[in-house]
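The figures here come from the full heavy-atom set of this structure, side chains too, leaving out hydrogens, waters and symmetry mates. Just so you know, ligand 1 is whichever comes first in the structure, and atom 1 is the first atom listed for that ligand.
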Amino acid sequence: MIRVFLNHSPRMRENYYGEQALSGLRALADVRLNAQDAPLSPREMIDAAQGCQVIIGARVPAVPAEVFASLPELVAFCRVAVDVSNIDLAAASQHGVLVTRASPGFGPSVAEWIVGAMIDLDRGISDGVGDYRAGRAPRPRMGRQLAGATLGIVGYGTIGRYLARLGLALGMDVVVHDPFQADVAPCRRADTLAALLAQSDHVVCLAASVPQTANLFNDAAFAAMKPEACFINASRGELVDDAALLRALDAGRLAGCALDVGRAPDQMPSPTLAAHPKVIASPHVGGLTPQAVAHQALDTVAQVGAMLRGEAPAGALNLDHATRFRERFMAAGANHA
Ligand SMILES: NC(=O)c1ccc[n+]([C@@H]2O[C@H](COP(=O)([O-])OP(=O)(O)OC[C@H]3O[C@@H](n4cnc5c(N)ncnc54)[C@H](O)[C@@H]3O)[C@@H](O)[C@H]2O)c1
Ligand SMILES: O=C(O)[C@H](O)COP(=O)(O)O
């Protein structure tokens, strides 16, 4: 039987992995659990996962090259999330280790959060709630409807596609910028980021966090947006220059902003931006629904199951380099009895 190390702390296991996934995993493998209060550091993970073929882990900690170099029996690292920007993928590939991430089923939860954020920005719902709770008389303000407005989506991957469907269903005109997606139908394509920014009433950042997208939303990007437009980030903090965003809000170059992520620890929005009167913010909860959490956890069970059957798992990122997986599982065939 293969050995799997689950790096979630006991509390994280309860909230972000769940009994159903854990028992599914136990049916496939000898599961070794992290007993500490927090996910193990890379060094601790190396010690704890010796002899394991698979590690399942959440966003933290980062997974540097030494993890892959120091675990000769490791064949796969399964990330219980989408973002893999803090995993050294090149090192994983160099050592023949397969890296997987969550497959698309968690997307509706994040897309729905974005729709909620757009409605709140345009109708001031949370402003009114805040006034009533603070005992202030709320002043009615003119809102804006989504139908007929232009939704600009930067990054047409899993979540971007779900969001586009919701936007179209609401009667929005949806324009997409993604240099790596050839087919954006039924949306309109913007060949450049600037072209998207110039025409959108809501600009939503859903591009992957890679070195090329660091600070994609900077002074120039905010200056290219319409002053009545809103900016929403539900992707990763690294894509936004926070100081530039603050400058744009303060200078009236943006009507509002919604942030579910940022550069504070655990991808939280910056406290300064979160407290800004033009900003609505939430603590990285876009994918935090029982449905999305269960989906991502069960993905890892399906991934381990697929590998044991000698199949390529969904969400595999570097299958061409996954030599250990191919040798140990594919070539050896299903061997988990
Ligand atoms: N807020 C949350 O709780 C939450 C939950 C899940 C995922 N996320 C994050 O949301 C983001 C999107 O997730 P996804 O599942 O749709 O990812 P995905 O990998 O399916 O899509 C990302 C898209 O970004 C595109 N892209 C890359 N470089 C680009 C660029 N320069 N300009 C425009 N597009 C570019 C890629 O081509 C891809 O289509 C990720 O960063 C992910 O980590 C956030
Ligand atoms: O990228 C993701 O999947 C979500 O933002 C959740 O990521 P996390 O588990 O890394 O916070």
**Prompt:** Among protein heavy atoms, which sits nearest to atom 26 (N) of ligand 1, and what does the distance come to when rounded to 0.1 Å?
**Reply:** Asp178 OD1, 3.9 Å
**Prompt:** Hey, does Ala208 come in under 3.5 Å of ligand 1, counting only N/O atoms on both sides?
**Reply:** yes
**Request:** Mark up the atoms of ligand 1 that fall under 4.0 Å of a heavy atom belonging to Gly286, in ascending order.
**Result:** 3 (O)
**Message:** salt bridge (Lys or Arg N to Asp or Glu O under 4.0 Å) for Asp131 and Arg139? Distances and angles first, verdict last.
**Reply:** CA-CA 9 Å; Asp131 284 340; Arg139 279 190 308 167; over 6 Å; no
**Asked** According to the interplanar angle, ranging from 0 to 90°, do the rings of Phe222 and Phe231 count as parallel (below 30°), tilted (30 to 60°) or perpendicular (above 60°)?
**Response** perpendicular
**Region of Val110 engaging ligand 1 - heavy atom pairs below 4.0 Å** = side chain
**Item:** Atoms of ligand 1 close to Thr213 [distance to a heavy atom under 4.0 angstrom, numbered from 1]
**Value:** 28 (N), 29 (C), 30 (C), 31 (N)
**Asked** For atom 40 (C) of ligand 1, what is the nearest protein heavy atom, given as residue, atom name and distance?
**Response** Ser235 OG, 3.7 Å
**Request:** Please state which part of Phe106 comes within less than 4.0 Å of ligand 1, counting heavy atoms only: side chain, backbone, both or neither.
**Result:** side chain
**Message:** Is there a continuous path of hydrophobic side-chain contacts, each under 4.5 Å between heavy atoms, that joins Met12 to Leu33?
**Reply:** no
**Prompt:** If you measure from each non-hydrogen atom of Arg101 to ligand 2, which part falls under 4.0 Å: side chain, backbone, both or neither?
**Reply:** neither
**Request:** Nearest heavy atom to atom 43 (O) of ligand 1 wins, so pick from Asp83, Ile153, Val176, Leu317.
**Result:** Asp83
**Message:** Could you report the tightest heavy-atom contact between Ser109 and Thr289, atom names first, then the distance?
**Reply:** OG-OG1, 2.7 Å
**Item:** ligand 1 versus Arg101: contacting region, heavy-atom distance under 4.0 Å
**Value:** side chain
**Asked** What atoms of ligand 1 come within less than 4.0 Å of a heavy atom belonging to Gly155?
**Response** 24 (O), 33 (C), 34 (N)
**Asked** If you measure from atom 1 (O) of ligand 2 to every heavy atom of Met12, Met268, Arg236, which option wins on shortest distance?
**Response** Arg236
**Request:** Find all atoms of ligand 2 within a distance of less than 4.0 Å from any non-hydrogen atom belonging to Asp83, and give their numbers and elements.
**Result:** 1 (O), 2 (C), 3 (O)
**Fill in**
atom 8 (P) of ligand 2 has as its nearest protein heavy atom Arg59 NE, 3.0 Å
**Prompt:** So which protein heavy atom does atom 17 (O) of ligand 1 come closest to, and at what separation?
**Reply:** Val82 CG1, 3.8 Å
**Request:** State if His284 counts as touching ligand 2 under the rule of any non-hydrogen atom under 4.0 Å.
**Result:** yes
**Message:** Between ligand 1 and Ile159, is the shortest N or O to N or O distance under 3.5 Å?
**Reply:** yes
**Request:** Classify the ring geometry between Phe77 and Phe68 as parallel (under 30°), tilted (30 to 60°) or perpendicular (over 60°).
**Result:** perpendicular
**Prompt:** Any N/O of Pro179 closer than 3.5 Å to an N/O of ligand 1?
**Reply:** no
**Prompt:** Nearest to atom 21 (O) of ligand 1, what protein heavy atom do you find, and at what distance?
**Reply:** Gly157 CA, 3.3 Å
**Item:** Location of contacts on Gln212 toward ligand 1, heavy atoms closer than 4.0 Å
**Value:** neither
**Asked** In ligand 1, which numbered atoms sit nearer than 4.0 Å to a non-hydrogen atom of Ala234?
**Response** 1 (N), 2 (C), 4 (C), 8 (N), 9 (C), 10 (O), 44 (C)
